[in-house]
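Encoded as structure tokens, the structure appears first; notes follow it.
Worth saying up front: this structure is predicted, and the values here are computed from it rather than measured. Residue numbers run from 1 in the order of the sequence given.
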Amino acid sequence: LVRRAVDLVPSEPPSTDRTRVLAGLAGKLITDGQYLEARRFATEAVEMARACGSVLAESDSLNTLGVLATMIDDVELGITLIRSARELAEQCGDPHQQMRSYWNAVSCLSDAGEWERALVAFHEADAQLPRLGMEHLLPDLFANAADILFKLGRWGAAHAVVDEARERFSDGSDVPVLSELLVERGDFDTARELIGARLARHVFTDREQQGWPLVHLAALENWLRHHDAARLAVDEALEITANTESPIATAYALAIGCRCEADVAEHARRYGHVADEEAATRRARSFVDQMSMLMQRPG
């Protein structure tokens, strides 16, 4: 339907309607993980917004284009575009685009592995979103900050951020990284409850987010040596995140899959189960090959 809207709204004369449908299609393609195609429409949306003189539409389109730049090939360009979007949104007093710029800075820097800078951006967002009337969106950013701290090895600080989110926000009890923290700390029963609840009730915004609970479930099952269950969770996570250009959840699923197959192969070797060892080795090699292909993707 969004593509149909792009076809129906003429490119001449320049119009905010044309800008809106182009930006909408770019956003839908981001959700589907199709970043290269999305960048083409976001670039056209920026050009259209400038041609028709709409500052707000330009801010909207620059926010989207900045996200795509960081995801594909140029973090610094992406952050510059996101900041430009914020400045334009401040000029026209639009709180939504200001919120998007704070949100996008945290998310994009985090995904790019610029974790210390992402934490700085998180604290900026935490300070500014209440001013914009957007405090209800902070739980997801707290989850992002907790995830960053977890990856930096600051597990105590990560748990503190989770606890703060649960105290401050009525919907802060479902911070996604909490299940990963609990798995790695060995609190498997509580982790299973959280993962199960998340799979049962959460409305996911994109396929990568849909894959994360399964990645955490695979890690949990592997720690418990439930290798068949771990394999099923890995396969389901890979199926959900396949054919997207967002590699992070897929990469984690592949890594956990390799860990699982290494455990299976080691156990089979110890007891002389040659066929099982060979099957696990083949599966692990397949994951390594997929990871090699993943590393060739833009971004």
Side-chain angles (χ1 to χ4, degrees), residues 27-38 67-68 70-72 75 78 103-104 106-115 118 139-152 158 162 174-184 191-192 194-223 229-261 283-284 286-299:
K28 178 64 171 64
L29 289 167
I30 290 175
T31 301
D32 291 340
Q34 305 303 313
Y35 300 144
L36 293 171
E37 187 179 11
V67 169
L68 289 161
T70 63
M71 286 177 165
I72 295 170
V75 175
W103 181 290
N104 290 338
V106 178
S107 178
C108 291
L109 287 168
S110 174
D111 286 348
E114 298 279 352
W115 292 330
D140 282 343
L141 286 182
F142 269 71
N144 204 328
D147 184 54
I148 293 166
L149 291 164
F150 175 77
K151 289 184 172 73
L152 287 168
V162 171
D174 188 29
V175 179
V177 74
L178 180 57
S179 57
E180 186 176 15
L181 269 167
L182 292 171
V183 168
E184 296 303 319
R192 188 181 295 280
L194 284 174
I195 294 168
R198 191 162 171 75
L199 287 168
R201 73 172 186 271
H202 196 78
V203 177
F204 298 100
T205 57
D206 57 50
R207 283 190 285 164
E208 183 185 25
Q209 292 304 315
Q210 187 180 356
W212 276 116
L214 291 161
V215 172
H216 299 155
L217 179 62
L220 166 62
E221 300 291 12
N222 195 55
W223 275 116
R231 282 170 160 171
L232 286 173
V234 166
D235 287 345
E236 190 172 352
L238 292 175
E239 182 178 356
I240 288 170
T241 61
N243 300 318
T244 74
E245 291 163 8
S246 180
I248 302 175
T250 305
Y252 272 81
L254 291 170
I256 292 169
C258 283
R259 187 189 306 170
C260 176
E261 299 309 323
R283 187 170 159 89
S286 171
F287 290 151
V288 172
D289 289 342
Q290 290 178 63
M291 185 72 85
S292 297
M293 294 175 63
L294 200 66
M295 296 297 290
Q296 303 306 313
R297 291 185 185 179

Looking only at non-hydrogen atoms, find the nearest pair between [X] and [Y] and report the distance.
X    : Y    : result
P213 : L199 : CB-CD2, 3.6 Å
V106 : A118 : O-CB, 3.9 Å
V215 : A249 : CG2-O, 3.8 Å
L238 : A253 : CD2-CB, 3.7 Å
L294 : P247 : CD2-O, 3.6 Å
A158 : A146 : CB-O, 3.4 Å

Between [atom1] on residue [X] and [atom2] on residue [Y], distance to nearest 0.5 Å:
X    : Y    : atom1 : atom2 : value
Q290 : L254 : CD    : CG    : 5.0 Å
D235 : I240 : CG    : CD1   : 11.0 Å
S286 : M291 : OG    : CE    : 11.5 Å
E180 : L220 : CD    : CG    : 12.0 Å

| task | For the pair D111 and I248, evaluate side chain to side chain contact (heavy atoms under 4.5 Å, CB included) and give the outcome as yes or no after the intermediate values. | result | CA-CA 8 Å; D111 286 348; I248 302 175; 3.7 Å; yes

| field | Any donor-acceptor pair under 3.5 Å from S107 side chain to W103 backbone | value | no

| task | Using atom types as modelled and distance alone, determine if a side-chain donor or acceptor of E114 lies under 3.5 Å from a backbone N or O of A112. | result | no

| Do I30 and Y35 come within less than 4.5 Å of each other through their side chains, counting heavy atoms only? | yes

| D32/K28 salt bridge by N-O under 4.0 Å criterion | yes

| query | Are R192 and E221 within salt-bridge range, i.e. N to O under 4.0 Å? | reply | yes

| query | Out of L182, L149, L178, D147, which residue meets the side chain to side chain contact (heavy atoms under 4.5 Å, CB included) rule with V162? | reply | L178

| Of all residues at least two apart in sequence or in a different chain, which pass the ring-ring contact (aromatic ring centres under 6.0 Å, His included) check with W212? | H216, Y252

| request: Could I get the full list of ring-ring contact (aromatic ring centres under 6.0 Å, His included) partners for F150, not counting sequence neighbours? | output: W155

| Partners meeting side chain to side chain contact (heavy atoms under 4.5 Å, CB included) with A284 (sequence neighbours left out) | E261

| So R259 and F287, side chain to side chain contact (heavy atoms under 4.5 Å, CB included) or not? Walk me through it. | CA-CA 10 Å; R259 187 189 306 170; F287 290 151; over 6 Å; no

| request: Tell me yes or no: between the side chains of S292 and Q296, is some donor less than 3.5 Å from an acceptor? | output: no

